[in-house]
Amino acid sequence: MKYVTEFRDGALAAGLARAIAREVEPNRDYAFMEFCGGHTHAISRYGVADLLPANVRLIHGPGCPVCVLPVGRVDMAIRLALSRPEVILCTYADCLRVPASDGLSLLKAKARGADVRMVYSAADALALARREPAREVMFFAIGFETTTPPTALVIHQAAAENLRTFSVICNHVLTPPAIDALLSAPPAPDTPRPRLDGILGPAHVSVIIGSAPYVFAATRHRTPVVITGFEPLDVMQAVRMLVHQVNEGRAEVENEYTRAVTRDGNRKAQALMDAVLEVRETFAWRGLGELPASALRIRPAFAAWDAELKFSLDDHPVPDHKSCECAAILCGAKAPTDCKLFGTVCTPETPMGACMVSSEGACAAHYNYGRFRDPTVAGSA
């Protein structure tokens, strides 16, 4: 398959691994964060980390939208679904099983009688609202800049049709402020954040926003960024490009994913987002805390389709499970295997934290692809 098969070539991967091994400086340690959860899964699935020299470390970042969403936002949706029987709550599959307060989740709220439905897209939720004019259809929207344009589009369409029974809880978050926080915020004493020598920039997000928004990392923080695709050769080439920048003392934004990402991104998608949504003053992230200007909300012109206003919703800060290390994992302070719940009481079937639920979560990646298992045990199985 074009643009897939050739980026999974084992011989080329071995050649890249040898090149990286030659080019790293033996007395230097390299710490690179893959921001995107899709990259985390690619790295685990294809064993990319095993091909790198011991002094090149890949650190998981907060690029999983379900994982960084605080418990209070999920609680807010659950309260609405359980208290308003006329409401049909729609969201993506990953959101349904995220652990919330009191042992609940949206899926468990459904078992208690709430009308909670899984949809594949924002357009599915809008179509449901058209089919169910006697019900209130609320879409629990989540994601980084990748999934934001479809949400903006359905709000715009609902307004054009004057479809007042459709509304959205907007949980869309922004990538550059999170990277800025990782590079500039002082580390918390209980979860010391690692030194980062470079960032593997997200792929799909960058298709929308382009490469230009990451320039601050290079100019202000002197940290190189290489935007990369999801295939194993993409990731390895991006690691090699970061090694070159570190060795040469450079800090630039480079684009390995040139087949999909441009400097300015998708201008039409950006214009649609800007027309319907605006930046929130602040927003809470699991693992990073309150970050200014790091999320979006619905503009006043579209207030009739803002579920938070329509139903007078309010979210409250809620602590995570006291034994769950999701927060520390999301900011790179710990690895999934550092959590005492990992692989024991916390599995994809019985998740205790969001990082084990989402298809982009670091814990799910490690568990599903067996990166935590003892190779001697695996070999004797």
Side-chain angles (χ1 to χ4, degrees), residues 1-8 12 16 32-43 48 61-65 121-123 143-153 156 172-180 182-183 196 198-246 248 250-279 293-296 360:
M1 183 183 296
K2 189 173 176 61
Y3 297 131
V4 175
T5 305
E6 64 266 42
F7 287 91
R8 297 179 183 177
L12 290 177
L16 272 173
F32 303 138
M33 174 175 279
E34 82 271 3
F35 183 90
C36 178
H39 288 147
T40 299
H41 272 251
I43 289 164
V48 170
C64 164
S121 68
F144 286 91
E145 294 90 342
T146 309
T147 56
T148 304
T151 299
L153 179 60
H156 193 274
H172 288 293
V173 290
L174 302 173
T175 300
I179 293 177
D180 191 28
L182 286 164
L183 297 177
L196 298 178
I199 301 287
L200 292 167
H204 290 160
V205 163
S206 301
V207 171
I208 301 298
I209 69 173
S211 62
Y214 305 109
V215 169
F216 74 91
T219 57
R220 192 189 318 154
H221 298 292
R222 297 296 302 164
T223 302
V225 176
V226 176
I227 297 163
T228 182
F230 292 111
E231 299 301 330
L233 295 189
D234 283 317
V235 176
M236 293 188 69
Q237 178 62 22
V239 169
R240 189 183 184 190
M241 293 165 72
L242 285 173
V243 167
H244 288 176
Q245 287 205 49
V246 172
E248 296 165 11
R250 293 186 291 118
E252 301 172 8
V253 177
E254 294 183 320
N255 180 15
E256 183 276 338
Y257 199 32
T258 54
R259 62 190 185 275
V261 174
T262 63
R263 181 186 182 279
D264 296 324
N266 187 325
R267 290 287 185 86
K268 288 186 178 180
Q270 294 168 25
L272 177 61
M273 287 164 27
D274 187 58
V276 178
L277 306 170
E278 64 183 9
V279 177
S294 64
L296 299 171
E360 295 187 346

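The figures that follow rest on heavy atoms only: side chains count, while hydrogens, waters and symmetry mates do not.
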Leu196/His221 under side-chain contact (heavy atoms from CB on, under 4.5 Å): CA gap, chis, key distance, verdict | CA-CA 10 Å; Leu196 298 178; His221 298 292; over 6 Å; no

Please walk me through it: do Arg267 and Thr262 pass side-chain contact (heavy atoms from CB on, under 4.5 Å)?
-> CA-CA 11 Å; Arg267 290 287 185 86; Thr262 63; over 6 Å; no

Could you walk me through whether Met241 and Thr228 pass the side-chain contact (heavy atoms from CB on, under 4.5 Å) test, one step at a time?
-> CA-CA 10 Å; Met241 293 165 72; Thr228 182; over 6 Å; no

Going through the distances and angles, do His244 and Arg250 end up as a side-chain contact (heavy atoms from CB on, under 4.5 Å)?
-> CA-CA 8 Å; His244 288 176; Arg250 293 186 291 118; 4.1 Å; yes

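Ring geometry, Phe230 versus Tyr257: the interplanar angle exceeds 60°, so the pair is classed perpendicular (tilted spans 30 to 60°).
No donor-acceptor distance shorter than 3.5 angstrom exists from the side chain of Glu256 to the backbone of Val226, with no hydrogens or angles considered. Side-chain N or O atoms of Gln245 include one that pairs as donor or acceptor with a backbone N or O of Glu252 at under 3.5 Å. His204 places no side-chain N or O within donor-acceptor distance of the main-chain N or O of Gly229, the cut-off being under 3.5 Å. Looking at Gln270, its side chain does come within 3.5 Å of a backbone N or O of Ile208 through a donor-acceptor pair. For the pair Thr146 (side chain) and Val205 (backbone), a donor-acceptor distance under 3.5 Å is present.
Put simply, CG on Leu277 and NE2 on His156 are 11.0 Å apart, with the number rounded to the nearest 0.5 Å. Atom CD1 of residue Ile199 and atom CZ of residue Phe35 lie 8.5 Å apart, to the nearest 0.5 angstrom. Put simply, CD1 on Ile209 and CG on Asn266 are 12.0 Å apart, with the number rounded to the nearest 0.5 Å. From Met236, atom CE reaches atom CD1 of Ile43 across 10.5 Å, with rounding to the nearest 0.5 Å. Annotation: the span from Ile179 atom CD1 to Tyr214 atom OH amounts to 5.5 Å, rounded to 0.5 Å. Taking CD from Glu254 and CG from Leu242, the interatomic distance works out to 8.0 Å, rounded to the nearest 0.5 Å.
Looking only at side-chain heavy atoms (C-beta outward), Arg259 and Asp234 come within less than 4.5 Å of each other. The side-chain heavy atoms of Glu248 and Pro224, taken from C-beta on, include no pair separated by under 4.5 Å.
Here the closest non-hydrogen pair linking Val261 and Ser211 is CG1-N, 4.4 Å. Heavy atoms only, all atoms of each residue included: Ala251 and Thr223 are closest at CB-N, 3.9 Å. The shortest non-hydrogen separation linking Leu16 to Gln237 is CD2-OE1, 3.3 Å. Closest of all the heavy-atom pairs between Pro202 and Ile227 is O-CG2, 3.4 Å. Residues Val279 and Ala293 come closest through the heavy atom pair CG1-CA, 3.5 Å. Closest heavy-atom contact between Pro62 and Met33: CD-SD, 4.2 Å.
Heavy-atom neighbours of Arg263 CZ from other residues, nucleotides or ligands within 6.0 Å: at or below the threshold of 12.
Phe144 and His172 have their aromatic ring centers separated by at least 6.0 angstrom.
Among residues two or more places apart in sequence or in another chain, the side-chain contact (heavy atoms from CB on, under 4.5 Å) test is passed with Leu153 by Gln157, Leu272.
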